[in-house]
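As the structure lists them, so they are numbered: ligands from 1, and atoms in each ligand from 1.
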Amino acid sequence: MEFSIKSGSPEKQRSACVVVGVFDHRKLSFAGEVIDHAAQGYLADILRRGDMDGKPGATLLLHNVPGLLCDRVLLVGLGKEREFRDKNYRDAVRAAIKALSDTGVGEAALYLSEIPVKKRDLGWNVEQAVLVAEETLYRFDQMKSKPEESKRTLRRLTLAVSRRGELPTGEAAALRGQAIAAGMKLAKDLGNLPGNVCTPGHLAAQAEEMAKTHGFAVEVLDQAAIEKLGMGSFLSVARGSDEPPRFIVLRHQGGEKGQKPVVLVGKGITFDSGGISLKPGADMDEMKYDMCGAASVLGTFRALAELKLPLNVVGLIPTCENMPNGRANKPGDVVTSMSGQTIEILNTDAEGRLILCDALTYAERFEPACVVDIATLTGACVIALGHVTSGLLANDDALARELLHAGEVANDRCWQLPLFDEYEEQLKSNFADMANIGGRPAGTITAAAFLGKFTKKYDWAHLDIAGTAWKSGKEKGSTGRPVPLLVHFLVKRAEG
Ligand code: BES
Ligand code: MN
Ligand code: ZN
């Protein structure tokens, strides 16, 4: 989709369709009023007759409205004006995009982005309009023999700002939105691909191809190189599968040479069967999404490249399958991590932390400004926060605050859980330096406490995206989260 920003009055738009909002009680938005005036009360008449009541998500398409240069007017319900917040705005844009693609117009001018949203600014409105539009039109049909019939004619959207002076803000936000949307699309596509296609080798090949087309550096370490590094914990998980592991290193050098990089680490389990501690069969297909942390790192790099962000960023992706073959980890096995610390594996299904810990040790060599890992790590996080909010744990509160803030402005929220030393008690082992599980209580926290034993040398935060990386049920599919959060975090860092 192409986006442009415009500040002209709506009645003078030569467009296939001008989109304006209607609040509850049939109150037109500002652009709606302007159009109604030019049309000598034509819209007010229609509202009075009750054909459109302004309920959220309602739409009404009008043809041949007098006094205008556009072919059509689309009215979109906004709900109560006093309650016009994030969700109502996003719902309205979604309803508009759906109605537009149903009518089959090629282009439209959206006068929703200039409507004030509680506690948000114009930049936010524009960025979210871009994201919602791309999200609404997203389809994944790579694996269908015949792509589903869809008209998909909508090619160009003009987003309105109310004054000329707002054009630069609007344009910057549209570019940011498009970069984030491209990153989310990449993350979604990789997540939605089945485990037999999206293997560790596939992720590595994708990273290499992206590096070429988008101009950043990549290095892919194979099994032998991983062995040489002494990543005994990561390799113990990989051993259970016939599919060979990879360790992917991405580098975006947008900052000055000496600038310490932000390191992003993404969990790349391309299928999590649980291993010998086998998962139950129901919904096990969804464990193809266990590489969504890795996909979000790749998606973020895609966005960074598009934005040419002046910041040094390193991406680390340990990737393998968690399978139960004859050489797989067994409960009770003890492995030695790259850090030298030994781990008693009491549950082979707690494999994410086993591959992440070695990547976190590897991160030390970059002398990072900070490290953020992203992982579909615990079912417990889904119980705690559901599918709305990602879990956040950190050994540095300033870094945690940055991520909380980034999630807030990106509409991709996370929420901090405590990481007090007392939780480490639960990881004690009779036979090794630590166990890989901490029992039922506080499962998300003990997983992070485990990782915390490998992150003593730098500021570190952990995002548990088990509940937010994909949707189940009828709308099953990857969400592309937390690419928006990560991009906003890095954009703010680049601003200094
Ligand atoms: N990938 C899963 C976490 C997960 C489960 C994400 C369900 C989303 C939905 C992870 O590898 C895992 O299996 N974790 C275990 C840990 C437990 C054995 C301590 C879990 O959460 O059950
Ligand atoms: Mn698991
Ligand atoms: Zn897993």
Fill in: Side-chain donor or acceptor of D358 paired with backbone N/O of S233 under 3.5 Å
yes

Worksheet, complete the sentence: For the Zn ion (ligand 3) the protein N, O or S atom count under 2.8 Å stands at 4

Worksheet item: Within a reach of under 6.0 Å around NZ of K118, are more than 12 heavy atoms found that belong to other residues, nucleotides or ligands?
Response: yes

Worksheet item: Side chain, backbone, both or neither: which part of W470 has a heavy atom under 4.0 Å from ligand 1?
Response: side chain

Practice prompt. Would you please say whether a donor-acceptor pair under 3.5 Å links the side chains of S390 and T468?
Written response: yes

Fill in: Under 3.5 Å donor-acceptor, T59 side chain and A99 backbone
no

Worksheet item: Under 3.5 Å, side chain of T348 to main-chain N/O of I276, donor-acceptor pair present?
Response: yes

Practice prompt. Say whether, by atom type as modelled, one donor and one acceptor occur between the side chain of H252 and the main chain of L309 under 3.5 angstrom.
Written response: yes

Discussion item. Within the 4.0 Å heavy-atom shell around K279, which atoms of ligand 1 are there?
Written reply: 12 (C), 13 (O)

Worksheet, complete the sentence: heavy-atom search around atom 9 (C) of ligand 1 in the protein gives M287 CE, 3.6 Å

Discussion item. Taking NZ in K98 as the centre, count heavy atoms belonging to other residues, nucleotides or ligands within less than 6.0 Å. Is the count above 12?
Written reply: no

Worksheet item: Closer than 4.0 angstrom: is that true for some heavy atom of E286 and an atom of ligand 1?
Response: no

Fill in: K185 with D189: basic N within carboxylate O range, under 4.0 Å
yes

Worksheet item: Counting N and O atoms only, with roles assigned by atom type, does the side chain of D272 sit under 3.5 Å from a partner on the main chain of N322, one being a donor and the other an acceptor?
Response: no

Worksheet entry | atom 22 (O) of ligand 1 touched by protein heavy atom at under 4.0 Å | no

Discussion item. Looking only at side-chain N and O atoms, does T336 offer a donor or acceptor that is under 3.5 Å from a partner on T342?
Written reply: no

Discussion item. Ignoring hydrogens and geometry beyond distance, is a side-chain donor-acceptor pair present between E243 and H202 at under 3.5 Å?
Written reply: no

Discussion item. One residue to check: D349. Relative to ligand 1, which of side chain, backbone, both or neither has a non-hydrogen atom less than 4.0 Å away?
Written reply: both

Worksheet, complete the sentence: Quick look: K267 vs ligand 1, heavy-atom contacts under 4.0 Å, and the answer is side chain

Discussion item. Rounded at 0.5 Å granularity, tell me how far CZ in R302 sits from CZ in F216.
Written reply: 9.0 Å

Item to complete: Verify the distance criterion only: is there a donor paired with an acceptor across the side chains of W460 and D396 at less than 3.5 Å?
Response: no

Practice prompt. Tell me which part of L377 gets within contact of ligand 1: side chain, backbone, both or neither, using heavy atoms under 4.0 Å.
Written response: backbone

Discussion item. To check your reading of the model: name the closest protein heavy atom to atom 4 (C) of ligand 1, its residue, and the distance in Å.
Written reply: G379 N, 3.9 Å

Worksheet entry | In the protein, N/O/S atoms that are found under 2.8 Å from the Mn ion (ligand 2), waters not counted | D272 OD2, D349 O, D349 OD1, E351 OE1

Item to complete: Would you please say whether a donor-acceptor pair under 3.5 Å links the side chains of S478 and N192?
Response: no

Practice prompt. Do me a favour and list the nearest non-hydrogen protein atom to atom 19 (C) of ligand 1 with residue, atom name and distance?
Written response: I437 CG2, 3.5 Å

Worksheet, complete the sentence: Out of N347, I355, N436, the nearest non-hydrogen contact to atom 18 (C) of ligand 1 is supplied by N347

Response to the item:
When distances are taken from atom 1 (N) of ligand 1, the protein heavy atom at minimum range is D290 OD1, 2.9 Å

Worksheet item: Considering only the protein, which heavy-atom contact is closest to atom 6 (C) of ligand 1, and what is its distance?
Response: A466 CB, 3.6 Å

Practice prompt. Looking only at distances, please establish whether an N/O atom of ligand 1 is found under 3.5 Å from an N/O atom of E351.
Written response: yes

Worksheet item: Counting N and O atoms only, with roles assigned by atom type, does the side chain of W470 sit under 3.5 Å from a partner on the main chain of E286, one being a donor and the other an acceptor?
Response: no

Item to complete: Can you spot which of V314, L360, D373 makes a side-chain contact (heavy atoms from CB on, under 4.5 Å) with V263?
Response: V314

Practice prompt. Consider only side-chain N and O atoms of N329 and S236, and report whether a donor and an acceptor are under 3.5 Å apart.
Written response: yes

Discussion item. Just to confirm my output: which protein heavy-atom neighbour is closest to atom 16 (C) of ligand 1, and how far is it?
Written reply: R353 NH2, 3.9 Å

Worksheet, complete the sentence: among protein heavy atoms, the one nearest atom 2 (C) of ligand 1 is D272 OD2, 3.5 Å

